[in-house]
Structure formats: structure tokens, C-alpha cells
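Sequence lines set the chain letters: A, B, ... in the order given, protein chains first and strands last, and positions in each chain run from 1. Quantities reported herein were computed from a predicted structural model and do not represent experimental measurements.
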Amino acid sequence: MTRILPILTILLAIVAFWYAAAIWMNAPWQNTLNTRAGLDSVPFADFVQQTWSQDKPVLPAPHQVFAEIWNATVALELTSRRSLAYHGWITLSATLLGFAFGTALGVVLAVAIIHNDASDRSLMPWIIASQTVPILAVAPMVVVGLGAVGLTGLVPKALISMYLSFFPVVVGMVKGLRSPEPIQLDLLRTYDANGWQVFWKLRWPAAMPFLFASMKVGIAISLIGAVVAELSNASGGGLGVRLLTGSYNGQTVQIWAALFLAAFLAAVLVAIVGSAERWVNARMGARA
Amino acid sequence: MTAVVQAERLGLTFPSGDGDIVALADVNLTIEKGEFVSFIGPSGCGKTTFLRTIADLETPSSGTLTINGQTPGAARKARAYGYVFQAAALYPWRNIEKNVALPLEIMNYPAAEQAERVRRTLELVNLTGFEKKYPWQLSGGMQQRASIARALSFDADLLLMDEPFGALDEIVRDHLNSELLKLWARTEKTICFVTHSIPEAVYLSTKIVVMSPRPGRVTDIIESNLPRERPLDIRETPEFLEIAARVRDGLRAGHSYDEEVA
Amino acid sequence: MTAVVQAERLGLTFPSGDGDIVALADVNLTIEKGEFVSFIGPSGCGKTTFLRTIADLETPSSGTLTINGQTPGAARKARAYGYVFQAAALYPWRNIEKNVALPLEIMNYPAAEQAERVRRTLELVNLTGFEKKYPWQLSGGMQQRASIARALSFDADLLLMDEPFGALDEIVRDHLNSELLKLWARTEKTICFVTHSIPEAVYLSTKIVVMSPRPGRVTDIIESNLPRERPLDIRETPEFLEIAARVRDGLRAGHSYDEEVA
Amino acid sequence: MRGQLSYFQLYLALVAAGAGALGLVFSLPDPGANPPMTLFFAAATLSLLRLALPFSLWLDGLLTVLGAGALLAALGGGAGLPPHHWLALISAWAFAWLFVERLSGAIRAGKLPETGTGLVIPVMFGLALLVVWEVVTRGANVPAVLLPPPSAIAARLMAETHILWADFVQTFIKSVLPGYAIGCLAGLLVAIAVDRSPFLKAGLLPIGNFMSALPIIGIAPIMVMWFGFDWQSKAAVVVAMTFFPMLVNAVAGLNAASAMERDLMETYAASYWQTLVKLRLPAAGPFIFNALKINSTLALIGAIVAEFFGTPVVGMGFRISTGVGRLAIDLVWAEIAVAAVAGSAFYGVIALIERGVTFWHPSVRGGRA
Amino acid sequence: ADALTLQLKWVTQAQFAGYLVAEAKGFYDEEDLDVTILAGGPNIAPEQVIAGGGADIIVTWMAAGMAARESGVPLVNIAQPYKRSGLMMICPTETGITSEADFPGHTLGVWFFGNEYPFFAWMNKLGLATDGSEGGVTVLQQSFDVQPMIQGQADCISVMTYNEYGQALDAGYGPDNLTIFNYTEMGNDLLEDGLYVMEDTLDDPAKVDAYTRFVRASMKGWAYALDNPEEAAEIVVEADDTGAAEYDHQFYMVNEVTKLVDPDDAALDMATYERTVQALLDQGIITQTPEGAYTTVVTDGL
Ligand SMILES: Nc1ncnc2c1ncn2[C@@H]1O[C@H](COP(=O)(O)OP(=O)(O)OP(=O)(O)O)[C@@H](O)[C@H]1O
Ligand SMILES: Nc1ncnc2c1ncn2[C@@H]1O[C@H](COP(=O)(O)OP(=O)(O)OP(=O)(O)O)[C@@H](O)[C@H]1O
Ligand SMILES: Cc1ncc(C[n+]2csc(CCO)c2C)c(N)n1
Ligand SMILES: [Mg+2]
Ligand SMILES: [Mg+2]
């Protein structure tokens, strides 16, 4: 209860604000419609009702979005291509695969960087540069390029997720693997521990807080990557495709529904990483 | 037989933005196998730095240093020594048992022997019952004892101990002092021991090295002729007090604010 | 006049996964204004915990504790005390000068006075010349002295000092002991002082609290009738040695492995 | 025998010389067909002499340059590369790698100065990548509309500087910088607010996580709807994009101060703000900079992506999307190159500031951040 | 069966009803073809896909196709089912725009990504500057919907008769409160959805034969869609694996696109071709009159 109450309060505040904003943002268009229909002097209560039930509102009211989510998930068969759950699953699988690739790649690169001077000096600047390449520009080319060699579906999307998510992991892990105090390293030096032992017994555990912070960012970005990739390739479905087609058809409610589902997925994923973090912390004897 | 530690004209300077710090200057010292050498000197005189240099954790700026006739690096690779740091340096994610087992894991002791050694050394420092606690659950002195246990858990011939008993009360200290002496007598280890306690230094050592600061130099080397078997009450004998007085004089001479002291 | 520290049936238990740790049990103690109280006891007996409870850093599980007649929390808010931790706890991003100035900044001393106080206290602990160095550039003892300077830089009426001189050599320790005594005599401060050195405790204190472990209890409170003016050589007087012997007995009684000790 | 080479370096040296020797064998039937290439193969084979003689690392650098030059010269015809010339690519790459390995080894050993030579390594690596790119795209006749060679991109870069500059101003100066500043600041402030109030922490953090997980791509059309077509909507996307990493990292960082460091502040009865400014923010520094660095690249991506959803007809994202549509792929890559340079410089500046501000952290004290 | 991959210019919708119907009704199978239809999207350039070998035939607009040809992708038009342009520019009357003369000083929404050429050719003809300078128009890269008009961010927006115009009608706009500039009616139309292949494949008679059968089956699909708009709309909805296509909208679209397509004649109309090429040349979109950019071998063989 003590955990739910604050969330509920903030949630209520947001929903109230949202409804108010919906009136405000949808009013101009509603006025146009009413004028056109020859309706002047609509009572305010009715007018509010109208702004909350437009077909293509600038800002859909919360209940519209949730009705759409409900209709597109629970009310439909899971395997239906109109089901948001179906599209959510497609995006989720690409996200998870890409995140797994990205985390692995990020850790491997970080390890190479802290252990090899040449890698550090040569790789780091280019890893950074790689992230300044606008992914949406490259994504279609990647999809086209991989399509040309026969790779379609999940893998191109996962690769784009990986491309985005490995970066926070590299940056965080390089910092984390370098975070042990000199005296902690000295201790292992006195045992003449080999590089492998220094890594597993000191650097890796010391880097855990950094790894989890990075993974939280990484998994959220990974989802963005999957969605971006889906925007480049309208066949195959996924939440990105729903966003796109919603946008073409001016279906704001559909856009928001897809957005919310994506955000919900990301929040769940971040929460899962968070619980993993707490579990590992507990196993590592962290102070409660 | 070669000396265990042999320093000749050893110097070490820390570069630093605003003026270099000369931590060791012109240190000459020979330590033979089986000796128990105490280092004593004002804070900041370079005791830790000297121990770290022996352990190949710092590189001398000048002079030569050999350990068992080898370079410090080769000695370190041969796992010639165990080191007790001035700070406990326990790993916060390992419980006490695991912290003590760390060097054993690294040196690939069989699991059963690891457990046995951990049990034995923890008992030696009187920490039985705290095996599963994490460092932050222990008092300062308990942490220090855990770090001593860690260095004793494997059998290095040379022990480098930097103020190991600083945070311990007199009784525990006496206890550990005599345990250490027993261990030393039994195993013929060579021990380098930093302490601030003159009685402790005299009680334990065959040789006491007095250092003075800025730059860190050896001002006196006092050979003790006390017998190898030392009951605790040897500390009241005139021989003992005489050596202690000599150490105190050497120490005072190296101090910058003698005059002020009443 | 109310007592500065008044503990009645004070208890403190640390909850822990595998069995709670009783750090303090049934502690009764009154400290009057102007007293110099030393705490002595085996490692892990709860000395640090007791000081932390006075400082409102731990909350008692049972019993009552008042500081200047207030709750510990109120006393802390009134900045009633200065605390020297067992570890130096210097901030790595501040150089020594800035570390010492930290409480002064927080208590909004004028800049000129800050500079003057920093200079004075650093001189007191003999760290002049190291103002611009960062903590990791100092030896263990130097870090400890910096943290003492930090606690002395502002004028709290109650000083809580947890083994402040543990990492210092005898000469510096003597020097700081007598400086501390002078300060105490001049300012009428109340001082709670944890130490492992029996001579130090006897030399400094008006009252010595002997504690024993598991659970941490006060086993003896020894009032010292030594004069307030204490030259260093008072330590050889019979009165002194008598009190020291009583402390040693109390200490030994509390120890779990008396028998083993030779 | 193996001189001062590590086993790994020796391995690279053998690959380099071996590929060269094999190439020489294939070239022998007609050694005059491509003299520079034959020369390179011969020189690479001769590098086996290092097994017997001291062999300066600069010679490896020279061989790299020679190999790259021979390869680029061989591309002239436009008919692709004969099969055995690919061996030169392998050999030259191995020489390059060997060169940077040895160079960084020499710098670490203090035989060469850090300043100056330290820069050679990333530059060498980058140039090596460019050469490989050039050789592969032209040597294997990759369609230019899929991936143009760097030379074509460079030509575009030179020819269209005014367009590129206008796009840079629109995207980087107008959208990225303000959006980055606002987003990072907002993330930090919310982190502090969240940290300050347990109620907010319990209430806002889960919801904040949720909100910030909104894929920015979906936000972009909405921001355009709300803030109009010009840079304001792009800056808004950048704000949304940079907010989350800062929030997460700052919340973690604000908890980074150790228990005893906090206790010290308690004993001074320091106010919340004093503790914040004098302890928790400095201790959070490494985490905050982590976010600042991640965000410096995210911000640029965000702005560019946002420009895909309606813009005035200027901006890097606009140029990229229209460029792909017009198959002006070399212009697209020129724009990407500008983005990469700007983003790397931005990151570099933040990293420099980090080294200055968090000089005390072990990861900085020990060398590089 | 011969395998062919068709890359559409846009997402699965009734704009491509002929191909989708031909696939669904088995017309391709009847011609012994195994056709894969790839949906497009706002970031997929069909010209790039075919250059990379990801498709055999693409649907694209002639302006984009010719521009790609000059960029080194040798595309050749093999058939032109779309005879007329569906492109329009619409302006709400409250903006005060009633004729081309009113444009200066206004903001016009334009789709880029290869769809901008007809607009620029038109402005070129009107002599209006498009770089935002005095006396010209301000150009906005428009999103692919009618929001910019509804929200007043643009004075005029681009629409297709068969798609966004329908959305505008749904939103309550109509001929009585809109000024409509229809590219076809103004004579400014450039050729839209045509079928293009890579030039070198035309040297292979087997390929040409496959193309011919493909076009024949596709035109059969278009004819079927014209006669059975409801079923065609259903087929489109069924073919869309994103689940976004709505039957009502697709039905509207089928009816609109069949007005632009001549199911009986797949051949390129030379007059329109010449005009398209001239407009592209005038505007500098291409610099040389293209040679061999179309072929009649396929349509001749029908
Ligand atoms: N990493 C370092 N960088 C710069 N100066 C250093 C460093 N480590 C130690 N020093 C300096 O070297 C000198 C000797 O330090 P050292 O730690 O050896 O003293 P010590 O004798 O062990 O003192 P203590 O008894 O206080 O531990 C001191 O002046 C110290 O400031
Ligand atoms: N945070 C904590 N959580 C759990 N147990 C703790 C914690 N802090 C201290 N303890 C336990 O409380 C007991 C008393 O600890 P305390 O630090 O007060 O001892 P001390 O008398 O100061 O010892 P020392 O002389 O070694 O510093 C010890 O047994 C210790 O294990
Ligand atoms: C020309 C050249 N080639 C390879 C490397 C080294 N390197 C590049 S990627 C990689 C794997 C991960 O570190 C390594 C080792 C270099 N520095 N320069
Ligand atoms: Mg030291
Ligand atoms: Mg303690």
C-alpha cells in the first residue's frame, strides 16, 4: 500500500492534467467542426465531451487510448495481425535479441579496451563516432543491404538494436572496470594474480553497479532501435509499423496506443533489469 | 646464502604537480632469512613506501633492490611474500570467509584445503562466527584482523605487515603478538613489520629500523640481542627497556618538532 | 547542571540475516561537562557503535540517551559535537586544506576566519606544507591527522574521537596527546575518546570506561584522580601505574580468550 | 629470436609477411602488370627479416602506407581487383595493426611521448578503415547507391560545404545544443527532486521510467504537432531523448557517496542542500558525466531522426532523408560524416571536462577516463 | 515457376491493388510466376533496393526513376499502368488562396523522398522561388498525413486523390471550403506508379518473357479490381500484415485509383513521357535527355 499510494497520486495528477490538455488542444478543431455544422453555443459540458471523443484528435483523451489498447489486445485473438499484443511480441523479440547482442558486444569491447592499449586508443574514438551516425538514416540501408543477402525479419532489427544498445554498455563498463581502488588492485598484484583472475575477482564485481545502470539505458534504447528498424520496413509488423501506419492514416489514437504499449514494454524491461540488479546486489552482500 | 631483502642506495620520488615528494632517499638495508625486522618512524617517513617497493608495487627511482637475489618483480611472481596493507582493503562484495579465501583461490588451493585454512586463520585472529558477515558489518579492528588472516592464509616465506595491529586493543594485540612470534619461531619466516609502538617493535624484532622523514631515510638500525623465545614479561627486563630507550631516542631525533614536545 | 551525555539502559541491536548482532546492551553512563572520558575494550565490543549513537548516527533499540538534556537528534542539529571517525573519510575531490575547511564552510564561517582556522589546525597536526595535496597523496597517518584537524577546526563543546591516534607514531602521539590536553584544559570541552592504548587512556582521562564484547557492555568505570595538569612524565608515577593496572585487569576480564594468552 | 615482439604481434607479423609472400607468388607470372603492387608484395615478404634483424616499428608503418598506396593505385581501372590483390589488403591491414600495437606498446613503455604519437593510433585505425572501405566498395564493385566509396563522399563534402554548413547550423546549433542542455538539466533536477522526496521517488520514478521509455520515434510526430515544424520540435525531441539516461545515472550517482562520507555531513548537521552540493553531487560526478557522454551522441541522433517527420527544407536529417529518396547517397554519407565529426567533437569536449572535474576518481587518476 | 520480387513504393494499400489482387487471385500462378511482394515505406527507396539486388521489379514514380538512372542505377520503364497523376495540392479557403497567383508568401507542404519533383517542376513553371526568398513560397517537408493543414502549420498541403484527400474529406473538408490544385488537370502531372527493371536484365529473353507474363497478370489484377472494388479492398486489407489497413479507407482508395489506371493498356504514353522528361530537364533534376529509359518490348509482347 505504501508503495502504491504515491504512484497512484502521481498517476491521478497526470491523468487530470492530460484530460485538461486534451480539452485545450482539441478545442480549436472542435470549434471549426461545430461552426461548420452550424452548431453555435454548445454547452461547455457537451463541448468537453466532444473534445474527448474526436475521431482524430490532436491529443486523444486517456480513455480513448486505453479503449484502443483494450480493443487491440484483449478483445482480439493474440495471433491476429490487428492485435497490438502480436505486434508487441514482434518488437519485443527483436529488442531482446538485440539487447543480448548489444550487451555482449559492449562487454567484450570494454574488456578489450581496458586490457589492450592499442584497442583503447584506436577503438574508443571510433565507437563514439559510430554512435553519431544517425541510425534512422542507416537503418533502411542496413535493412536493404541485409535483405539483398537474404537476411530478413528479426535479425536486421536486432542488429540495429544492438548498434544502439552496445554503446551505453561500453562506456559504462569501461568506467566500471576501471573503478577499483589502486589498493584493491595492489592486493591482487601481491598474489601475482593473472589477468583473468584480476578480471573475475575484482574488476567484474566492481563494475556491477555500472553494468546495471548501463543495461537499464541499453534495454530502453534497444527497444527504440527495434522500433526504428520497423519504421524502415513496413512488412512484418511490430509496434514501429503500427506507429508508422497510424501516422499515415492520421490515426492519432492508434499512434498513442502503440506508443503506450512500447513504453509499457520498456518500463517492464527496465524493471526486470532493476530486479536482476537487486538480486545481484543482495548476493554481493550490499548494505540494505 | 643470499639476503632476503637487499637495498642499496635506494631512492624513490613521487612526481607531483607542485613539487616532487622524495619518499625514500639513500636507503641501505640488508635483511637475512629468518629475521624479524620492525620499521618505525614518524608518519609520512616512507615506511609504507619501502614495503610497497619490496612488494614490487612501486618502482625505485634510483639504487638497487633485490629480494631473494631476484628482482622484486620476479619475487612477486614467485609469490614470495604475503602483504598486510595499512588499510584493510577487503572486497565489499565478499563475505569474510570469501575474503580470506581470495589468495587461496588465486593460488589454486584445493577446495577442502581452502576451507581448512580459512577456518584455521580466522580462528587465529579470533573471528570465528563472523565467516558469513560482510566487511561493513564488522568493526574497524575486526576488519583489520580479517585482512591479517587473509595474508596468513597462505604460506609465504616473507611477510610484509604494515601496521597490522594498529586498530587492536592491548589484549588482542598481545595475543596476536605472541601468536606471530610463535608462527615466526616455528616456520622460520622472514617478517617486515611496520609499527608505531616502540614496545611492540622491541618485543617482536631481531632488528629495528628507525626512519626519519622528508626525505625518508634510515637513521638507525638497532640489532636486538633478546632471546628468540620471548615471554610477554620480557618487556619489563632492563635489556628490553634499554633497547626501547634507544629506539625512542632515534625516533625523537628524526622528528621536526622535538623542541615543542614537553 | 544537566549531564552532557546520559545513557540509561541503552541497547542497540543490528538486525542481520543470520542472527542479530547485539552491539550494545544495558549501557548506563553519565558524562558531566568538562570530563575527558576514554573508552577502551576489545575490538568489536561496541565502542564505535556507542559514539555513533551519541552522534545520532545510529538509533538505540532500547533505553534512553540524552545529550545536553536533548535528544541526540536535537544535539546534532545544534552542532553540539565534533566527530573524528575511525577511518579518515576525507573527500577525494577536495585537497587537504579544503577538507579541513569543509565544516567551516557548512557552518558559514567568514572566509578570512576559515583560512586562519585551517592554517592553525593544520599546523597543530603538523601538516603545514601539505595544504594543496589530495588525500591519496598522503600516508595513512597523515590522512588521519587531516581528519583530526577537520574535527578541531570548529569549536564544538563535545568532541567524539574514535581512535584518532591509532595510526600515529609514539612521538607524534605524545605531541598530540599533550596538545589535546592543553586544548581541553583551556576550553573546558567534554571529550569522548576511544583508544586501544591503556597508557594513553590513563594519561588523558578523568574517567575510563572499560567495555566487553558480545553483547557490548560497560564492565568498569574508573575515575582517575590524577591532577588536571599532566606532564608527560606523570606516566611513570605509581598512581598512574595503579590505574593502568586496574584498566588492564578490567580489559582482560572482558576477553574471551584470556586463558590462551600467555 | 622474436625480438621485443609479443606472441600476438609475432602472429600479426607472420600474417602480414605471409599474405605478402603469397601475393608475390601469384604476381610472379607477370611482375610488370602492376609494379607498385609487386613492389609491396616483395617488401612485405622481406619484412620476414625481422626474425633475424631489429625491425623498427616505423618500418611497419611505412609498409602499411605502401600497401594502401598500391591498393588505391590498383583501383584506378574501375574493373575491380584481380583476386590475388586482396592479399595485399590482408597484408596491409596486418601491418597497420602490428604498427599500432607496437606504437602503443612503445608509448606505454615511455619510449615515445604521449602527446602527438598518441593521436597517431586512432588516426591510423580510422585511415585503415577508410582504405578498406574504399578498396572493398570499388574493388568489389559495390553499387554506389548502396555504399559509396569514401573518395566519392569526400568529393561531395568539398562540393557542398555551404549546404552542409547550413544543415549543421539548423540541426546542431539550433536543435541539439539547447535540447541537450535542457534535457540534461531537467534529468538532473528531476533526479534531485526524486531523491529528495521518498514520495516522489516512489511515485515518479516508475512513471518517469515509463514516460522516458516512449520511443522517441513516436514522440517526434507528436512534438511536431505540438511545437511546429522548425527546430523547436527537434529540440523537444532531444530533451525527451536525453532526459532518461541522465535521470537513471544521476539517481544512481546521488547514492554513490559512502555511508561514512554521509555520516560526516550528518555530524555537521549540514542542511540537505549543503550535503547535496558538497558531497553528493561531487560523488555523483562520474555517473553524471557518464550520462552527459551518452547523451552527447543520443542528442544528435534524436535531432536528426526528428527531422524525418516534417521540417523546413534545411537540416541534417532533412538532407539525409531526401538524399536517400533522390539516391544522392554520397551526399547522405557526407552529411553522416559531418554528424560523426560534430558528435565526436562534442563527446571529446565533454570527456575533457570530465577529466578536469572528476580528476579524483580512480578511473581518471589511473590514466584515461 | 519463375521467381520475381516486386518492391512496392509504399506500404501495402489499394494504390497497389492490381498486384495484390493478381497475387491473391492466382493470376501470377496462372502465368507460372512465383511473385514476392515487398511492402515499402517512407524510408525505403525502391531504386536502392533494386540496385542492391533485393528486387527484380519496382514500382516508382518516373521522376525518381529517371533521377536514379542518372545516379548510376540503370532503370528502365517496362510498363505504365497509371496513366494519370493522383497528386493534388489543397488549400483551405480561409487561407485566402484561390489561385496560383496567391501563392507568394505562403507556406506549402511538400513530400520529399523522391516525391517532390512534380511540385518543383510546377513551381519552376510558375517562376516562384522555393528557397524562402522574397516573392517566393516557403516549402515545408510535410509528414505523410493531413495534420499540417488541420493544425494550420502549412497553408497548403500535398495530397493524393486516393489517400490523404480522403482523410481531408473525413475531417470535414471538401470542395466548398478548399481550393484544389490538381496536377493532372493543370497539365503539370508527371508520370507516377510505373514498373521499372534493371537495364541489363532486358538482354535476357527469359527475363523479358517473365516480365511480360508479370505485366499481363498484373493488368488482369487491375481489371479485376475495377470490376470488384469491394473484394479488392478486402484483398488489400488481408494482404497487409501490419493490420493497419481499414476496409472503408481501402475501398475508397480502390475506387479512386481505378480512375487513374487503364487496365486495358499498360503501355507508356509517349506524350506524357516527353512532357515528364522535359519538366525534369527544365528543373535540372536530370541534366541529359535519357536514352533507353523505357522499352516497349514487354508491352508489345502482351
Ligand atoms: N601516491 C602518492 N603520490 C604522491 N605522494 C605520495 C604517494 N604515496 C605516498 N606519498 C608521499 O610519500 C611520503 C611517504 O609516504 P608513506 O605512505 O610511505 O609514509 P608512512 O611512513 O607509511 O606513513 P604512515 O605511518 O603515516 O603510514 C609521504 O610524504 C606521502 O605524502
Ligand atoms: N552496520 C553494522 N551492521 C551489523 N553489525 C554491525 C554494524 N556495525 C557494527 N556491527 C557489529 O557491532 C559490533 C560492535 O561494533 P563496533 O564497530 O562498535 O566495535 P568497536 O568496539 O568499535 O571495535 P573496534 O575497536 O574494532 O573498532 C561488532 O560485532 C560488529 O560486527
Ligand atoms: C589497423 C588496426 N587493426 C586492428 C586494431 C585493433 N583492434 C581493432 S578492433 C579490435 C577488436 C576489439 O578490440 C582490435 C583489437 C587496431 N588498433 N588497428
Ligand atoms: Mg604507512
Ligand atoms: Mg571501532
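For a residue to count as touching a neighbouring chain, one of its non-hydrogen atoms must lie under 4.5 Å from one of that chain's; by this rule Leu164(A) touches chain D with the side chain only. At a 4.5 Å heavy-atom cutoff, Leu147(D) makes no contact with chain A through either its backbone or its side chain. With a 4.5 angstrom heavy-atom cutoff, Leu298(D) touches chain A only via side-chain atoms. Neither the backbone nor the side chain of Phe212(A) has a heavy atom closer than 4.5 Å to any heavy atom of chain D. With a threshold of 4.5 angstrom between heavy atoms, Ile114(A) does not approach chain D through any atom at all. Contacts of Phe346(D) with chain A are absent, with no heavy-atom separation under 4.5 Å from either backbone or side chain. Contacts between Leu11(A) and chain D at a heavy-atom distance below 4.5 Å involve backbone atoms as well as side-chain atoms.
To the nearest 0.5 Å, atom CG of residue Asn116(A) and atom CZ of residue Phe8(D) are 7.0 Å apart. Here Asn249(D) contributes atom CG and Ser214(A) contributes atom OG; the two are 7.0 Å apart, rounded to the nearest 0.5 Å. Atoms NZ and CG, on Lys216(A) and Leu247(D) in that order, are 10.0 Å from each other to the nearest 0.5 Å. For the atom pair NZ (Lys175(A)) and CD (Glu354(D)), the distance works out to 3.5 Å, reported to the nearest 0.5 Å.
Between Ala340(D) and Ala129(A), the closest heavy-atom pair is CB-O, 4.1 Å.
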Practice item. Give the C-alpha distance, both sets of side-chain angles, the deciding distance and a yes or no for side-chain contact (heavy atoms from CB on, under 4.5 Å) between Gln131(A) and Ile294(D). Key: CA-CA 9 Å; Gln131(A) 294 303 300; Ile294(D) 291 175; over 6 Å; no
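In terms of heavy-atom pairs under 4.5 Å with chain D, the best-connected choice from Thr9(A), Ile128(A), Val217(A) is Ile128(A).
Within a 6.0 Å sphere centred on CH2 of Trp18(A), other residues, nucleotides and ligands contribute more than 12 heavy atoms.
Aromatic ring orientation, Phe125(D) versus Trp126(A): tilted (interplanar angle from 30° to 60°).
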